[in-house]
Every structure is written in structure tokens, then in C-alpha cells.
Enquirer: 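Before we start, here is the structure in question, set down as C-alpha cells.
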Amino acid sequence: MKAIRRFTVRPVLPEPLTPLADLARNLRWSWHAETRELFQSVDPDGWQAAGGDPVRLLGAVSAARLAELAGDRRFLRRLAVVTADLDDYVGGGRWYQSHESGAELPAAIAYFSPEFGITAALPQYSGGLGILAGDHLKAASDLGVPLIGVGLLYRHGYFRQSLSRDGWQQEHYPVLDPNELPVSLLRDADATPARVSLSLPGGRALHAHIWQARVGRVPLLLLDSDVEDNDAPAREVTDRLYGGGSDHRLLQEMLLGIGGVRAVRTYCDLTGHPAPEVFHTNEGHAGFLGLERIRELEGEQGLGFDAAVEAVRAGTVFTTHTPVPAGIDRFERSLVARHFGEGGELPGVPVDRILELGAESYPGGDPGVFNMAVMGLRLAQRANGVSTLHGAVSRGMFAGLWPGFDPGDVPITSVTNGVHAPTWVAPEVVRLGIRQIGPGRTEDALSVGGSRRWDAVADIPDQDVWDLRRVLREQLVQEVRDRLRASWLQRGAAEAELGWVDSVLDPDVLTIGFARRVPSYKRLTLMLRDPERLRRLLLDPERPVQIVVAGKAHPADDGGKRLVQELVRFADDPRVRHRIVFLPDYGMAMAQKLYPGCDVWLNNPLRPLEACGTSGMKAALNGCLNLSVLDGWWDEWFEPDFGWAIPTADGVGTDEERRDDLEANALYELIEGRVAPRFYDRAGRTGLPVRWIEMVRRTLVSLGPKVLAGRMVREYVERLYAPAALAHRALTPDAARDLAWWKGRVRAAWPRVGVEHVEALAAAPVNGTAELGATLTLRVQVSLDALTPDDVEVQAVAGRVDAQDVIRDGRAFPLKPSVGPDLEGRWVYEGPLALDRTGPFGYTVRILPSHPLLATPAELGLLAGPSETDTAGPGPGVVLR
């Protein structure tokens, strides 16, 4: 019989046990072993049944057991120690509080993301973007960074995946009751639920409650539109992560950005938390936060639109995660205009100016769409990609916003992602670290980094390393068998026909893992390119290989589902099903077993379409070796001492079939010729694979400190958050108005700004050659129209040139005004140019806007240079000897 109404009955904890409630509600337990062990001791069977979720555990434990624990002195002592540790963690000073920059650091940072992967007990994530956001919050908490996370609370989360009998992906959307999740309602002073509201066309409204999760020291605010005052469509706005059509997605992103800012203001007012000086938008989904802040500044401080834009930009950081335009949210302009027009949201903010912010007003852009990433870049003075290679890809992808600039000059930097080691490192690995370097030093190494602590791994005996790897592999084998059996039963198999599952995988066989989302560019099925060759690898009598695969295709991506089905059908073959498995419903709980248990982590995307690829980082922290295309983070940090690079067929152009054939063949050859032989090489007295163990050590020593989320967050603080906070403080209302006025004046004059004449004076090259170390003196005549030298920077840019006379890796040399202005606004600039490189060499001259409040001279996207006939003396192509 089905219940007509569902609600949650919470246990009444005996007074001595009341601290358990606070421990359960702070998600630090998800990465703090002592807290998890305490909850497990409450009821070991119940802990397993609750999936390691303390809130569910406390909701199910019997009153008798609680009474017993309330009188258990040993348990109460442990409870007191863990409670005190959390209090110290939350209230004590950490890295941020003792940073040498002190008052220059922002008082608070608001971090917006459409998804957060904190723990499987709070399923508000779909893949890498959410896991990265969760790790960002956890590392910020460990470092004491005053972050406020902002997202949405999806009542169905992301879908749960199962398989049909023939291997087709099926989606299920279980209903999540917030009262059964580790979150609590934010309440006003009168105890009523706090909420934010947005105006919708036609006189409708969108209301949302604010749920709060505690991520260590960091509050995470999650907006929920399932509010009784909403009409039915509005209540469903936060139903599913990445669900619905364009209007639904637009409303989600308006609620995230605009409603999120209002939620932050409400939270700070109610709790006294410092107001954010910096707003960080994790991908373009939250880009509308800039519009809400413009509305605030126009209304509260009386700034005009242009001045408000400058003030907002100064304190905004934008991180892009996609290397392809197809990964960016784009909406029809008419849809955006309807929601921000008359009767819609943000009254008083001109809709035509809003539309300009998201306009693809560059060659190849679509004038009919509103681009969320473009708006994000225009409203952020600082932007970054998530690996060095992705930063370069992003500069090329968005170069149209900075016309005339070389991609290398586009103001998008990079901060390579990292992963939160305490979340992803297996307890067995942690225990080995504690045994080797001590508990405090191990905790610091995992959270903060420090190469000297990681160097201690080099002293761990070979036998200990190998025994650990065997234990982790054995645990994975059991996990795979359990999950595989459950999957087959769900597919309709009978228990009697599943005896073979008990022999799936072998804890002594080389184990390769591959798990990620399943868009086509990640190439789930590249390993199937030559099925017979793969079978030979799996069934090799001397050096067998076994593969564990997992991944979800987007519900609307039938192409991705066909890839899953192709892999599943291969893995269902009785000849190989003991050597290759596909596990459905990939998520955090599975990943935490999968990364440690694999010997090799495989990644074979189409280069350069993997923005970062943090799964390989998590594997590396557990001593798993990477076998990957040189893409994302692996392109940046690969060394043959600790992994393998899959060669790419970059020269085959658009022939996708040939490219996949070549790269699959390279993958097979690496496994056959190098990976498997090294794993099974047991020469010597010990019978251990000594060279493999050394690669494990090099992985931990060399990659360990680099791949940490703590390293990543420190970079954000020092390179982006701190400068953004200083810029935010400098942009007082008067300064913002002055900067907006100055930019308008520069833009108006710029069509008449240019380099009119360039000549080389002293040490001019003879017959097209010059000596290394010589110095050219340049004299340049420029037209500045109504501008002055204080408004511009004139530079010579020099470096090696290619066959097309394009300067590569150019270096800028400033030139100074020497004469001027004449009656037509022309100035003469002069300056030295050092000839510091041999080979084909060239230079050019350019003019850029200059102002103390610009983060970069490229900020306005304005550049003026010489025409082809404006030079005298040597042009590009001068050869130095």
C-alpha cells in the first residue's frame, strides 16, 4: 500500500549524544576518517545499510542502542575528542589566516556552480565540474579560505543509471527529500524559512528556499524552488540537474545567478558573515550573478550602467571548463529579452544592454543567440582555464572578443585543477603514510602539500608498496563482483545463472580503469577498435589484462548511449566477461573504490578536448599509473618516470576513422609492449616488479604535491582572488564612474589612433642581418587623436618569426614619447629594442590603452598597429647571426 504523504521522523538523541547531530550535519565527516569511524561504531550494520551517511544512520538507529551509547564512557570520550577536533577545525586559524598578504586578501569569496560533488549522501553532481566544485570547497575549508558556496538543490539530483537486458542505458530519477539530506533550512530571525524571489513575465514569480550545507568551515547555499507559493512550472525549476528545455534551463540559471546573489546577501545579513568582495563563477551557468550585482549598484549606489559594469568586473573571476563551443549554454536572444524585458526580472536595467553582454558580436558568431560564457568573460576582469593547455585552447576559442590580438595575448590565464586528497585517497594509503611520516605530517601533506613530506614516500619498502597495491586491487575485485551481480539482477537475470560472477577479475592481474562521462570526444570505445586484439590482451596466458569501465551518457545523448551499449555487449561475451566489466551508475561511492584498486588509469580523449581530466589525478594519489593522451593536466605534468603517453595522430586532419585506428593501435602497442611487461617483470631475488614499484613511488613523489586541490585553491587566492579584491576596493563609485567615462572616451577616439611611421636608427641591420646582443633604436610616429600618452602604451613587440613572418613568443619593449603633440595630435615615441635571439627575427609596433585600473592592456580589446607601408628600415624577417 502506497503512502499518501511522506515525512521524516527524526530521532531524539539522549543529551550526552547531542553532539552527534552537529557532526552529522557538517560534511567534514565525508573526508575525516575519525568522524566516519565514530559513526560506524554506533551501528556497523546500520552504517553499511545507510551507505555511510550519518544522517540516515541516526534516523534508523534504535532508541535502545542510543540509550546504551549514552552510558558508554568509552564512546562518549571518543565523541568528545571528535567534537573538539571539529570545533578546532572550524574555529582555529589556518593557512589563510596566517598568509603574509593579510589585509590584502578578500574578506569573503562567493563561489557559484550549478553542481557540487561533496559526498554521495548529497547527490547534487553529474560529473567532473561538480566534483571539482566540491573539492574546491573542501580545500578552501582546509586552508581557512572564507568561501561561500552557491548552487541549486535538485529534488531529483542527476539520474541514476541502470542497464536493460540488451545493454541500453536507462535513467531513473529518485525523489530526494531535503529533510533526509545533510542540509538545513536557512531561517529568518522569526524562524520562518528565508527565501529569495524572482519576477517572471506575465506577473508570475519564482520563489526559492535556501538550504544550507556545512562543508567544514564553508557554508554551501542551495536554492530550492519546490515552494508552495510557486505555481507548478515554477516549483519544477530545480527538479533535475541539466534537465528540461531552453526556458527551463534559463530559469535555472537565472535562479542560480540572480537568486544566488540574493541568497548570499540574506545569509550574510542573518549570520554576520562578511560580505563577499569577490564573486567566482564556475563556468557560465551562473553568469547572471553579474546582472544582479549591476542592479544592486545602480539602485543602491546610484551608478549608471557602464560604471556598475566596471565595479562588477573588478571583483569577478570567471572559470571556463569547456574546450569546445558546443559545451557552452546559448539561449535565443528573444527568450532572454522576454525574461528581462517589461514585467520581467531586473527592472531598471536596460534589456538592450543586457543583450549586448551575451552577444556573439565577432566574426563567425551567431547574432541570434545569447552566449553565457561570453557574458561571463565580459563581466569578469579575470578569467582562467583549468589546465595550461586548456588555457591556450580557451584563448584561441574566445579570441574573437579581443580582435587584433594574437591568441597568446588574450587575457585568459590558467589554474590547473586539483583534487581533494583526503576525499580520494584510500584509508589504507593514508595508514601507510602515517606509518612512514606520522599522522600530523600525513594530514598536512594530503591537505596542503609540501614536496618534502611527499619525498618520504621514497623510503617505503618495496614489499610494503606491493602488498598495499595487492590489498587495494583485491578490494576492487570484491566491489566489482558485488556491483556486477546487482546490475545483472536488475537486468533481469536469475541468481542461479550468475555463478560466473564469483570468478570475475583476479586480484593478481594487471587492472586498468576507465570511468568518466560518455560524450563522443572521450572515446569510451576506442579500446574496442580492434576487438580481436583486445581479446588477446585480456586473455594473454602469460600477461593478462583486466579492465573496469564505468560512465554515464547524458539522457538526451543517444550516440553516447550507443557507445555504452557497444561496450556492454563486448563485456557480456562469456569468453571475456571475467576480464572486462562495465559497472552502471558511476558516482562518488564507486569512484572511491575504483581509483585505488586500479594499477593503470586510462584516458584517451580527442586532443585537446579534455579541459583537465581530474580522474587521473585521483588515481595517481593512490599509486595508480596514468596511461593517457597528452591532454589536460597530463600534457602539463607527464614524465616517462611515472606513466605513459598515448601518441596522437594530429596529422591526419579530418579523417576521424583513420585517426581512431592509429591511436587505438598506439594504445594496444603500449599495453602489449611496455605496460604489461613492466607489471609482470618479477626478475630478481624478491620476486617483486621492482621497476613498476619505482614508477608508483615516482607518481606519488612527483605528482602528489601538484595534483592537490590545496595547491589549486592557493593559486586562486594568490593569483586571482587577492588581485580581484584589491581591484574591487579601488573601484569606489567615483572611480567606477571615472573608469567608465575614460573607456568611453578611448573607444570613441580609437578609430583614429594608429602607428603612422616606424624607423630604425642606431645599430640598424645591414643587408638584412644583425649581430646577437645588438640594440636597435626605434623611432615611431603615432596618431593619438584626442588621447594623450597617459591614455596609451606604445610597444615594440619582437621575437622569432615563422615562414609567414608571424612573430612567435614575442617580447614587448615599451617606447616613450619624445616629441609632440603636433597640431594633428601626432606624437613621436622612441626606445631601444634588444636583439636577444638568433635566427629569423622580426618586430612590429602596437598601441594599447593604458589605465592604472586595467588588469591587462588587452582588457578593452583595442589594439592599433602600423599598416604595411608605414615602416622604414628592416621589417619582419631580419636574420640575426
Enquirer: Are the side chains of Y521 and R607 in contact, using a 4.5 Å heavy-atom criterion?
Expert: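 Side-chain contact under 4.5 Å: no.
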
Enquirer: Please determine if R516 forms a cation-pi arrangement with F514, meaning its NZ or CZ atom is less than 6.0 Å from the six-membered ring centre and no more than 45° off the ring axis.
Expert: yes

Enquirer: Walk me through whether Y595 and W601 qualify under side-chain contact (heavy atoms from CB on, under 4.5 Å).
Expert: CA-CA 8 Å; Y595 299 133; W601 195 256; 3.5 Å; yes

Enquirer: Does any non-hydrogen side-chain atom of L163 lie less than 4.5 Å from one of S487?
Expert: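 They are in contact (side-chain heavy atoms under 4.5 Å apart), so the answer is yes.
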
Enquirer: Can you measure from CZ (R529) to CG (N604) and round to the nearest 0.5 angstrom?
Expert: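 The CZ atom of R529 sits 11.5 Å away from the CG atom of N604.
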
Enquirer: If only atom types and distance count, is the side chain of T648 paired as donor or acceptor with the main-chain N or O of D650 below 3.5 Å?
Expert: no

Enquirer: Which residue is it: L602, L667, N626, L670? I am looking for the one with a side-chain contact (heavy atoms from CB on, under 4.5 Å) to W644.
Expert: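 For W644, the side-chain contact (heavy atoms from CB on, under 4.5 Å) test succeeds with only one of L602, L667, N626, L670, which is L670.
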
Enquirer: Any salt bridge linking E672 with R543? Criterion: basic side-chain nitrogen under 4.0 Å from a carboxylate oxygen.
Expert: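 Looking at E672 and R543, the cut-off is not met.
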
Enquirer: In plain terms, say whether R697 and E694 are close enough for a salt bridge, that is, a side-chain N and a carboxylate O under 4.0 Å apart.
Expert: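 Salt bridge flag = yes for E694 with R697.
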
Enquirer: Under the side-chain contact (heavy atoms from CB on, under 4.5 Å) test against I580, which residue among D573, L537, I547, V545 passes?
Expert: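 The side-chain contact (heavy atoms from CB on, under 4.5 Å) with I580 is passed solely by I547 among D573, L537, I547, V545.
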
Enquirer: Kindly state whether the ring of H248 and the ring of Y242 have centres lying under 6.0 angstrom apart.
Expert: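 Aromatic pair excluded; centres sit 6.0 Å or further apart.
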
Enquirer: Distance to the ring centre below 6.0 angstrom and angle to the axis at most 45 degrees; does that hold for R160 and Y173?
Expert: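 Judged by the rule (NZ or CZ under 6.0 Å from the ring centre, within 45° of its axis), R160 is not positioned above Y173.
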
Enquirer: Minimum heavy-atom separation for A858 to P411, with atom names?
Expert: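 In this case the closest contact between A858 and P411 is CB-CD, 4.0 Å.
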
Enquirer: Please examine the side chains of L510 and W692, heavy atoms only from C-beta on, and report whether any two atoms are closer than 4.5 Å.
Expert: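 Touching, per the 4.5 Å side-chain cut-off.
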
Enquirer: Working to the nearest 0.5 Å, report the span between OH of Y586 and OG of S126.
Expert: 11.5 Å

Enquirer: Run the salt-bridge test on R562 and E566 with the 4.0 Å N-O cut-off and return the result as yes or no.
Expert: no

Enquirer: For the residue pair V386 and A611, what are the closest heavy atoms and their distance?
Expert: CG2-CB, 3.7 Å

Enquirer: Of all heavy-atom pairs between D166 and R569, which one has the smallest distance, and what is that distance?
Expert: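 Result for this residue pair: O-NE, 3.4 Å.
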
Enquirer: Could you tell me if the side chain of L505 sits less than 4.5 Å from the side chain of R579, heavy atoms only?
Expert: no

Enquirer: Tell me, do E253 and M372 make a side-chain contact under 4.5 Å, heavy atoms counted?
Expert: yes

Enquirer: Test H578 against W500 for side-chain contact (heavy atoms from CB on, under 4.5 Å), laying out the working first.
Expert: CA-CA 8 Å; H578 63 298; W500 59 272; over 6 Å; no

Enquirer: H390 vs S394, test: side-chain contact (heavy atoms from CB on, under 4.5 Å). Steps then yes/no.
Expert: CA-CA 6 Å; H390 180 238; S394 298; 3.3 Å; yes

Enquirer: Just checking R674: does its CZ atom have more than 12 heavy atoms from other residues, nucleotides or ligands closer to it than 6.0 angstrom?
Expert: no

Enquirer: Fit a plane to each ring of Y716 and H280, take the angle between them on a 0 to 90° scale, and name the class: parallel (under 30°), tilted (30 to 60°) or perpendicular (over 60°).
Expert: tilted

Enquirer: In this structure, are over 12 heavy atoms from other groups packed under 6.0 Å from K593 atom NZ?
Expert: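 No.
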
Enquirer: Passes side-chain contact (heavy atoms from CB on, under 4.5 Å), R577 versus V504? Steps please.
Expert: CA-CA 7 Å; R577 64 188 181 188; V504 165; 5.6 Å; no

Enquirer: Does any part of the side chain of L606, heavy atoms only, come nearer than 4.5 Å to the side chain of R523, both counted from C-beta?
Expert: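 In short, these two side chains touch, coming nearer than 4.5 Å.
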
Enquirer: How about T614 and V707: do any of their side-chain heavy atoms sit closer than 4.5 Å?
Expert: no

Enquirer: In Å, rounded to the nearest 0.5 Å, how long is the span from NE2 of H136 to NE2 of H420?
Expert: 12.0 Å

Enquirer: Looking at L132 and M712, what are the two nearest heavy atoms and their distance?
Expert: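 Shortest heavy-atom separation between L132 and M712 comes out as CD2-SD, 3.8 Å.
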
